[in-house]
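All residue numbers in this chain count up from 1 along the given sequence.
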Amino acid sequence: MLNKQVFFTGVHKAEYLENEIGSPTGNQALVKTEYSVISGGTERAVLTGENNTAKVFPTPVGYCGVGKIIGIGDEVKNLKVGDRVLVYHAGHSQYNICPESDLTKVEDDSI
């Protein structure tokens, strides 16, 4: 499936690039992102090429957000397609494949 994702492609340079994303397997879920959270500290450091960063480009960015599950692997136990989840360790990406352990179901559907 075609995916769109933010990558830092150089110091002071970000691009929204297309890439392929596979299907979830095992304990993974495929999540369609609704909201992505920006870290002003970490992402700024990478974007500006601070000394405490790897300075390896292109690099995907992002680490958490909210989305809806659109596919699951056969070992997922506590989530189902259609659940809204908080996503940890994921990118600023249209879709993310994450292990179930990095997802928390959002019980209140008001966000």
Side-chain angles (χ1 to χ4, degrees):
M1 172 176 14
L2 191 60
N3 184 39
K4 293 182 180 179
Q5 183 171 359
V6 176
F7 285 86
F8 289 161
T9 55
V11 175
H12 300 287
K13 188 172 181 183
E15 295 183 57
Y16 195 48
L17 303 175
E18 292 183 344
N19 58 12
E20 286 290 324
I21 191 163
S23 298
T25 61
N27 72 344
Q28 299 174 326
L30 175 61
V31 179
K32 183 172 184 183
T33 303
E34 295 176 327
Y35 304 95
S36 190
V37 179
I38 296 173
S39 165
T42 302
E43 290 167 341
R44 182 184 179 283
V46 174
L47 184 61
T48 59
E50 298 293 324
N51 289 333
N52 63 334
T53 65
K55 298 180 194 172
V56 176
F57 301 102
T59 188
V61 293
Y63 63 92
C64 65
V66 174
K68 284 204 176 175
I69 295 177
I70 62 170
I72 59 173
D74 58 0
E75 296 173 22
V76 173
K77 294 179 178 29
N78 299 308
L79 300 169
K80 66 183 182 316
V81 171
D83 284 346
R84 178 172 278 144
V85 291
L86 297 173
V87 181
Y88 306 100
H89 307 112
H92 298 309
S93 183
Q94 184 178 12
Y95 301 99
N96 284 288
I97 293 178
C98 304
E100 184 175 14
S101 61
D102 284 352
L103 303 171
T104 301
K105 185 175 178 182
V106 175
E107 297 292 341
D108 179 359
D109 201 32
S110 65
I111 61 170

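A search for salt bridge (charged side-chain N to carboxylate O under 4.0 Å, His left out) contacts involving K13 returns E15, not counting sequence neighbours. By the side-chain contact (heavy atoms from CB on, under 4.5 Å) test, Q28 is found to be paired with P24, T25, I97, residues two or more places apart in sequence or in another chain being considered. In this structure, S23 has no side-chain contact (heavy atoms from CB on, under 4.5 Å) partners at least two apart in sequence or on a different chain. Remark: K4 engages no residue in a side-chain hydrogen bond (donor to acceptor under 3.5 Å, both in side chains) (not counting sequence neighbours). Looking at residues two or more places apart in sequence or on another chain, you find no side-chain hydrogen bond (donor to acceptor under 3.5 Å, both in side chains) involving N27.
Under the 4.5 Å side-chain heavy-atom criterion for grouping Ile, Leu, Val, Met, Phe, Trp and Tyr, Y16 is connected to L47 within one hydrophobic cluster. Under a hydrophobic-cluster definition in which Ile, Leu, Val, Met, Phe, Trp and Tyr are linked whenever side-chain heavy atoms come within less than 4.5 Å, directly or via other members, V46 and V11 are assigned to the same cluster. In the hydrophobic clustering of ILVMFWY residues, with side-chain heavy atoms under 4.5 Å counting as a link, V76 and V31 come out together.
Nearest approach of L103 to C98, heavy atoms of both residues: CD2-CB, 3.9 Å. Nearest heavy atom pair, residue L2 against residue Y95, reads O-CE1, 3.9 Å.
Here the side chains of I21 and Q5 are not in contact, with every heavy-atom distance at 4.5 Å or above. K105 is not listed as a side-chain neighbour of N78, based on a closest heavy-atom distance of 4.5 Å or more.
Taking CG from D102 and OH from Y63, the interatomic distance works out to 14.0 Å, rounded to the nearest 0.5 Å.
In summary, of the residues considered (I69, T104, V66, V106), a side-chain contact (heavy atoms from CB on, under 4.5 Å) with V85 occurs for I69 alone.
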In residues 52-61, what donor-acceptor pairs under 3.5 Å come from side-chain atoms, sequence neighbours left out?
from: T53; atom 1: OG1; to: E50; atom 2: O; distance (Å): 2.7
from: K55; atom 1: NZ; to: N51; atom 2: OD1; distance (Å): 3.3

side-chain contact (heavy atoms from CB on, under 4.5 Å) assessment of D83 paired with K80: CA-CA 6 Å; D83 284 346; K80 66 183 182 316; 2.9 Å; yes

Working note: F7 + N19, criterion side-chain contact (heavy atoms from CB on, under 4.5 Å); need CA distance, chi angles, decisive distance, verdict. CA-CA 11 Å; F7 285 86; N19 58 12; 3.7 Å; yes

CA sep, side-chain torsions, deciding dist, call: E18, N3, side-chain contact (heavy atoms from CB on, under 4.5 Å): CA-CA 6 Å; E18 292 183 344; N3 184 39; over 6 Å; no

